[in-house]
Asks: 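Below is the structure I would like to discuss, written out as structure tokens.
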Amino acid sequence: MNQYITACSNVHSLDSAIFAFSQVHNPNVFVYNAIIGAFLNLFRPLEGLRYYVDMLRNGVTPTSYTFSALIKSCRVLSVVGFGETVHGQVLKNGLALHVHVQTSLVDFYSSLGRVIQSRKMFDEMTDRDGFAWSSMISAYARAGDLDSARSVFDEMPEKNNASWNTIIHGYVEAGNVESAEELFRIMPKRDVISWTTMINCYSKHKLYREALELFDEMKRTGTRPDGVTMATVISACAHLGVLDQGKEMHLYVMQNRFKIDVHIGSALIDMYAKCGVLERALVVFYKLEDKNLFCWSSVIDGLAVHGYAEEALAMFDKMDKEKIEPNRVIFVSVLAACTHAGLVEEGNRRFLEMTSKYSILPEIEHYGCMVDLLCRVGLIEEALVLIRSMRMQPNSVIWGALLGGCKLHKNLEIARVAVDRLMILETDSSGYFTLLINMYAEANRWADVARIRATMKERGVEKILPGSSWIEVEKKMHQFAACDNYHPASQEIYLVLDVLDSQLKLIGYAPDFDFVL
DNA sequence: GTAGGGTTAG
């Protein structure tokens, strides 16, 4: 029966596992271990804890197997008190020197941020194996103490791949790309996890080109990517907006019969949406067997940025019906959808529901969305009231959104308030100053224009170069900056722009010359 | 008869 229960767990059939367990008279420790493990594997660790209590009531003595699963359950649940009780039971049952149990305790304490306790567990170990060493390295890395992590790594007698990968990942998380690169290059034998860790390193630090180059190198040197690698590189394609390469990755996934799980699925949805092919994003979304919050989040954001506000909100409501709990990230997309469509009432309602219905406290980015929403429709005073009510210090994004609204609706008074703050927060950015200068110029207040110009000069604020944009067409990158003539086809391009310009005017578009001084 | 560490998505 214990093997049957484990088999049920492996095919994600928790109901069958529970039923099987219920059919066992006087389950022994093997059967209990199996059901506790099944609950842990199928993301319901709390029930595992209940079965453990049941097990003790029935006089069944736990073993090292029981405790390693149980301690991990406490770890994923972050239940400190129960975990410590379990630790007590470990001692009581004479398992304090069992290497599997000790390793779980190292992980348990480090996951709760108690790395000193982890170290204590590690020091008590009489025979440490590779798992134990890696756990200790990971514990220090989680605590952000890379020096200690490195010391443990350097002391480790027979380093295995996991320990190399752990320390590399630690450097990645700590933002130390150079050390990660160095260790990656000198490690004796790179496996798929090493490559994926390093590809992720580049992605995490916005070096997406490097990420894709390393992926090519990985394939050239004969390591086969797995699903985790593919999710990582598809995401890099999304950030770069490279549709052709994104499609190639999708094809690779299909040809190699990888399951399109929630990781690859949400990466693909995001990639297609960010590359402008919302239809394909939707196809991937609807074909997914299992959808989690990430999948919904990608598709809702895709709809929102493509201007389908109503559809994005409808999608959110559909997700809600499926009992998937939203988080703070998805609300940024929901509120952005309202902003793009100018849905003030709707946005306000959703903003309030965030806290009242879902117990999510608004973060600064949500306030940013709301300020933007209110400002765009001209509710500048209301936006300022909202800013004053914020439970954190407004940042430059908030004041910038307010200033943008002031510009749009020509509110010089509140613009001054915003710029005063921006002068403190973003001393080296010229954009906001320029905006204010334009507003004063528009109102013919030339003395103020001169005053701000002087302030800018005094502070050494340089006007930054205009932003550039780029698009990939048939695997070739085309880059543009405002008014440039660098592109070989620029003459033709300007011709098309002229045509578009006349067509816009024909359908009633009037350009805003307010800021052409 | 069972278990522990290292990589992934919005």
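When reading the values below, keep in mind they use all heavy atoms of this one structure, side chains included, and skip hydrogens, waters and symmetry mates. Chain letters run A, B, ... following the sequence lines, proteins first and then strands; every chain starts at 1.
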Asks: Would you mind reporting whether F153(A) and M136(A) have side-chain heavy atoms less than 4.5 Å apart?
Replies: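 Side chain of M136(A) against side chain of F153(A), heavy atoms only: no contact under 4.5 Å found.
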Asks: CG of N165(A) versus P of dT8(B): gap in Å, rounded?
Replies: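 Answer to the nearest Å: 11 Å.
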Asks: Would you classify I264(A) as touching base, sugar-phosphate or nothing, given that sugar-phosphate means primed atoms plus P, OP1 and OP2, and contacts are heavy atoms under 4.0 Å?
Replies: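 Touches nothing.
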Asks: Specify the separation, in whole Å, of atom NE2 of H98(A) and atom P of dA3(B).
Replies: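 From H98(A) NE2 to dA3(B) P: 13 Å.
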Asks: Select base, sugar-phosphate, or nothing to describe what G265(A) touches, counting heavy atoms under 4.0 Å on all strands.
Replies: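 Counting heavy atoms under 4.0 Å across all strands, no contact is made by G265(A).
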Asks: Is the base of dG4(B) touched by the side chain of T103(A) through a donor-acceptor pair closer than 3.5 angstrom?
Replies: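 Between dG4(B) and T103(A), which were checked side chain against base, a qualifying N/O pair under 3.5 Å is present.
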Asks: Inspect the surroundings of CZ in R57(A) and state if more than 12 heavy atoms from other residues, nucleotides or ligands are less than 6.0 Å away.
Replies: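 No - once you tally the heavy atoms of other residues, nucleotides and ligands closer than 6.0 Å, there are 12 at most.
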Asks: For I116(A), I'd like to know if atom CD1 has over 12 heavy atoms of other residues, nucleotides or ligands within 6.0 Å.
Replies: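 Result for CD1/I116(A): open.
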Asks: Any side-chain N or O of H169(A) under 4.0 Å from OP1/OP2 of dT7(B)?
Replies: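 Yes, H169(A) has a side-chain N/O under 4.0 Å of OP1/OP2 on dT7(B).
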Asks: State whether the number of non-hydrogen atoms from other residues, nucleotides or ligands found under 6.0 Å of F19(A) atom CZ is greater than 12.
Replies: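 It does not: F19(A) CZ has 12 such atoms or fewer within range.
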Asks: Within the 4.0 Å heavy-atom criterion, would you say T197(A) contacts the bases, only the backbone, or no part of the nucleic acid?
Replies: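 Since only primed, P, OP1 and OP2 atoms lie under 4.0 Å of T197(A), the category is sugar-phosphate.
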Asks: May I ask you to say what N33(A) touches in the nucleic acid, namely base, sugar-phosphate or nothing, with a heavy-atom cut-off under 4.0 Å?
Replies: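 Result for N33(A) = base.
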Asks: Which nucleotide wins on minimum distance to the side chain of T196(A), given the candidates dG1(B), dT7(B), dG4(B)?
Replies: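 Selected nucleotide (nearest to the side chain): dT7(B).
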Asks: Taking the side chain of S297(A) as heavy atoms from C-beta outward, which of dG6(B), dG10(B), dT2(B) is closest to it?
Replies: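 Given the options dG6(B), dG10(B), dT2(B), the side chain of S297(A) is closest to dG10(B).
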Asks: Would you say the base of dG6(B) and the side-chain of D191(A) have a donor-acceptor pair closer than 3.5 Å?
Replies: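 Yes, a donor-acceptor pair under 3.5 Å.
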Asks: What I want to check is whether an N or O donor and acceptor connect the side chain of N160(A) with the base of dG6(B) at under 3.5 Å.
Replies: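 It does not, because no donor-acceptor pair links the side chain of N160(A) to the base of dG6(B) below 3.5 Å.
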Asks: Name the closest nucleotide to the F131(A) side chain, picking from dG10(B), dG4(B), dG6(B).
Replies: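 Nearest to the side chain of F131(A) among the choices is dG4(B).
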Asks: How close or far is atom P of dG1(B) from atom CZ of F21(A), stated in whole angstroms?
Replies: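 So the two atoms are 21 Å apart, to the nearest Å.
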Asks: Which whole-number value in Å describes the distance from M198(A) CE to dT8(B) P?
Replies: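 Checked: the CE to P distance equals 13 Å.
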Asks: Just call it for K274(A): base, sugar-phosphate, or nothing, with non-hydrogen atoms closer than 4.0 Å on any strand.
Replies: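 Here K274(A) touches the backbone only, sparing every base.
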Asks: With a 4.0 Å cut-off on heavy atoms, is S68(A) in touch with a base, just the backbone sugar-phosphate, or nothing at all?
Replies: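 Touches a base.
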Asks: dG5(B) P sits how many Å from Q102(A) CD, rounded?
Replies: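 Rounded to whole Å, this separation is 15 Å.
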Asks: Check every strand shown and say whether T63(A) touches a base, only sugar-phosphate, or nothing at a heavy-atom separation below 4.0 Å.
Replies: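 Since no nucleic acid heavy atom lies under 4.0 Å of T63(A), the category is nothing.
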Asks: Using the ring of each side chain (for Trp, its six-membered ring), is Y51(A) parallel, tilted or perpendicular to F21(A), with breaks at 30° and 60°?
Replies: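 The arrangement is perpendicular - the two ring planes meet at more than 60°.
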Asks: Nearest of dT8(B), dA9(B), dG10(B) to any side-chain atom of A267(A)?
Replies: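 The answer is dA9(B), which lies nearest to the side chain.
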Asks: If you take atom types as modelled and just measure distance, does the side chain of D261(A) reach the base of dA9(B) with a donor-acceptor pair under 3.5 Å?
Replies: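 Such a pair does not exist between side chain and base.
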Asks: Do the non-hydrogen side-chain atoms of L105(A) and H87(A) ever get within less than 4.5 Å of each other?
Replies: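 Yes, their side chains come closer than 4.5 Å.
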Asks: Write down the distance between OH (Y65(A)) and P (dG1(B)), rounded to a whole number of angstrom.
Replies: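 Spelled out: OH on Y65(A) to P on dG1(B) is 9 Å.
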Asks: Report yes if a side-chain nitrogen or oxygen of S235(A) is closer than 4.0 Å to either non-bridging phosphate oxygen (OP1 or OP2) of dG10(B); otherwise report no.
Replies: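 For dG10(B), OP1 or OP2 has a side-chain N or O of S235(A) closer than 4.0 Å.
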Asks: Return the value, rounded to whole Å, for the distance between atom CG of D301(A) and atom P of dA9(B).
Replies: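 Rounded to whole Å, this separation is 16 Å.
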Asks: Between dT7(B), dA3(B), dG10(B), spot the one nearest the side chain of S298(A), thanks.
Replies: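 When the side chain of S298(A) is considered, dG10(B) is the closest of dT7(B), dA3(B), dG10(B).
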Asks: Would you indicate, yes or no, if dG5(B) has its OP1 or OP2 atom less than 4.0 angstrom from a side-chain nitrogen or oxygen of K72(A)?
Replies: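 Checking dG5(B) against K72(A), a side-chain N or O does come within under 4.0 Å of OP1 or OP2.
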Asks: For T6(A), which contact category applies under a 4.0 Å heavy-atom criterion: base, sugar-phosphate, or nothing?
Replies: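 The residue T6(A) makes no contact with any strand.
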Asks: Between the side-chain atoms of S135(A) and the base atoms of dG5(B), is any donor-acceptor pair under 3.5 Å?
Replies: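 There is none.
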Asks: Which pair of non-hydrogen atoms, one from L97(A) and one from E124(A), has the smallest distance, and what is that distance?
Replies: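 That closest heavy-atom pairing would be CD2-O, 3.6 Å.
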Asks: Would you say dG10(B) has OP1 or OP2 under 4.0 Å from some side-chain N or O of H239(A)?
Replies: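 Yes, because at least one side-chain N or O of H239(A) sits under 4.0 Å from OP1 or OP2 of dG10(B).
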Asks: Rounded to the nearest angstrom, tell me the gap between atom CG in N2(A) and atom C1' in dG1(B).
Replies: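 From N2(A) CG to dG1(B) C1': 5 Å.
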Asks: Which one, dA9(B), dT7(B), dG5(B), comes nearest to the side chain of F294(A)?
Replies: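 Shortest atom-to-atom distance from the side chain points to dA9(B).
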Asks: Heavy atoms only, 4.0 Å cut-off, all strands: where does V29(A) land among base, sugar-phosphate and nothing?
Replies: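 Answer is nothing: V29(A) stays at 4.0 Å or more from every strand.
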